[in-house]
Protein chains: 2
Amino acid sequence: MTLRKRSLPPPKTGRGEMTRRKILDAAKREIGRRGFAEASISTITAEAGVAQGTFYIYFRTKEDVMRELVLHMGRMLRHHLTEATAGAKNRLEAEKLGLRAFLDFVRKNPDLYKVVEESQFVDEKVYRQYYTDFAKSYRIALAAAEKRGEVAASKNGVSTEVRAWMLMGISVFLGQRYGLWDPKTPLEPIVEAAAAMIAHGLSPAPGAAPGRAK
Amino acid sequence: MTLRKRSLPPPKTGRGEMTRRKILDAAKREIGRRGFAEASISTITAEAGVAQGTFYIYFRTKEDVMRELVLHMGRMLRHHLTEATAGAKNRLEAEKLGLRAFLDFVRKNPDLYKVVEESQFVDEKVYRQYYTDFAKSYRIALAAAEKRGEVAASKNGVSTEVRAWMLMGISVFLGQRYGLWDPKTPLEPIVEAAAAMIAHGLSPAPGAAPGRAK
DNA sequence: ATGCAATATGAATCAGTTGTCATGTTAGAA
DNA sequence: TTCTAACATGACAACTGATTCATATTGCAT
């Protein structure tokens, strides 16, 4: 029964709901732009168009907002990815569609993305949970695909988990490099290249002629 | 000629050198443990066994220390990886040895690792430089391996770069999951699984029987 | 209409920093 | 030995920004 630090009760009226959302939205932009340390409550409330004290009606601390935003990102991203991969014929196609959708998401929501990454240094627990949850769905999806013979069978107990974390790392790094830092470059060739690597790895294609000199 | 904010002159005596190193070391531990925001100059100097003011003889700000530590990590890691992959027969083997060495490094230097990751929110420039530099050496190594036919030829211009970032993402995420968060688990099976995936991807091995039912 | 709970205000409080500085101390060159 | 630049000290001035709180205001249920 460790119910320490309950979250504040949710707003009871429509007005409250609106205000809370305005603050959350301003916080997302502000923290995304300036980072957690630089973002001040006064700036956030100013941007939201409310008084300083109003913040504390809905959130206990600045950290609270981070937690909330991480959960929010999780929900949004999950939804986005579910939609994007719904029509996939197999796991490999799902990986490709998912990566593409993820990069799109990052470009459309750079603030949210940065908030999640920074949450690791504000509330490590929520950050771990975020990735651990993703890893879990990933593991399940991969295990199912293994059963169906769509991906190579794992050699040992850990390998599905390892693959899940590798795939997350790939997405996060490509998201950082091409989603955040280089938001103009066309995504197609990137996704193409990444999907090929995910499917076949670095090895020279065994079927293809290995040494076509000249 | 934008020489703004020159770094402080280096110590001129052995004593100064020692003191500077003690501070840097304490800062590494302190920031690694408590994070950049929580780490205070007074705590760092206390741990280093010097007075508060001494800090400012060697560093302008806390951010300065971060920058220095990121560069330090870069040098140490590069050295560690170079040694570890020296005897590799080919790129695939180098990848495996490199990953293994990286995970070792993370387990031995968790503070330094965390400092580098947090630097992204303290001085984004130095963080980008860190990974951009690594990506560059990676690209060069991959391109050479392609020439030698050790890895699949890239299909288009971006693909070598994409591969480099994917491989870095893989390392960082496995480093986080198995190096930092789960520092006891044996690394062999993890490296084994990861190397297989890096070599062949997710696709069922084309040689292996795809549907050995029951 | 009226009364109460919910919501809103923003000045004041409060805690904790950083970075400075006037004053020693040290070591090694001459 | 003496002299001086380098190094070290630690108290504290100045600042910052989060959080509190006494005081309005709002709007819905009755």
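Note that these values count all heavy atoms, side chains included, but never hydrogens, waters or copies made by symmetry. For clarity, every value in this text was computed on a predicted model and none was experimentally measured. The chains referred to below are lettered A, B, ... by the order of the sequence lines, with proteins before strands, and numbering in each begins at 1.
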How close or far is atom [atom2] of [N] from atom [atom1] of [X], stated in whole angstroms?
X     : N      : atom1 : atom2 : answer
B/R15 : C/dG24 : CZ    : C1'   : 11 Å
A/F55 : C/dA8  : CZ    : C1'   : 15 Å
A/M18 : D/dG27 : CE    : C1'   : 17 Å
B/Q52 : C/dC21 : CD    : P     : 16 Å
B/F59 : D/dC7  : CZ    : P     : 13 Å

Looking at B/R20 and B/E68, is there a salt bridge between them, counting it only when a charged N and a carboxylate O are closer than 4.0 Å?
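Salt bridge flag = yes for B/R20 with B/E68.
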Is A/K114 salt-bridged to A/E117, going by a charged N under 4.0 Å from an acidic O?
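Looking at A/K114 and A/E117, the cut-off is not met.
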Please confirm whether the shortest side-chain N or O distance from [X] to OP1 or OP2 of [N] is below 4.0 Å.
X     : N     : result
B/Y56 : D/dT9 : no
A/K12 : C/dA5 : no
B/T54 : D/dT9 : yes
A/T13 : C/dA6 : no

I need the single residue from B/K22, B/K28, B/R34, B/R29 that forms a salt bridge (Lys or Arg N to Asp or Glu O under 4.0 Å) with B/E47. Which is it?
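Going through the options one by one, the only one that passes is B/R29.
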Let's see if you can work this out: which of C/dT18, D/dA6, C/dT9 has an atom nearest to the side-chain heavy atoms of A/I57?
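Of the candidates, C/dT9 comes closest.
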Does B/R67 make a cation-pi contact with B/Y127 (under 6.0 Å, within 45 degrees of the axis)?
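Output no; distance or angle outside limits.
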Map A/T61 and B/T19 onto DNA chain D by nearest heavy atom, then report which one ends up closer to the 5' terminus.
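So the residue in question is B/T19.
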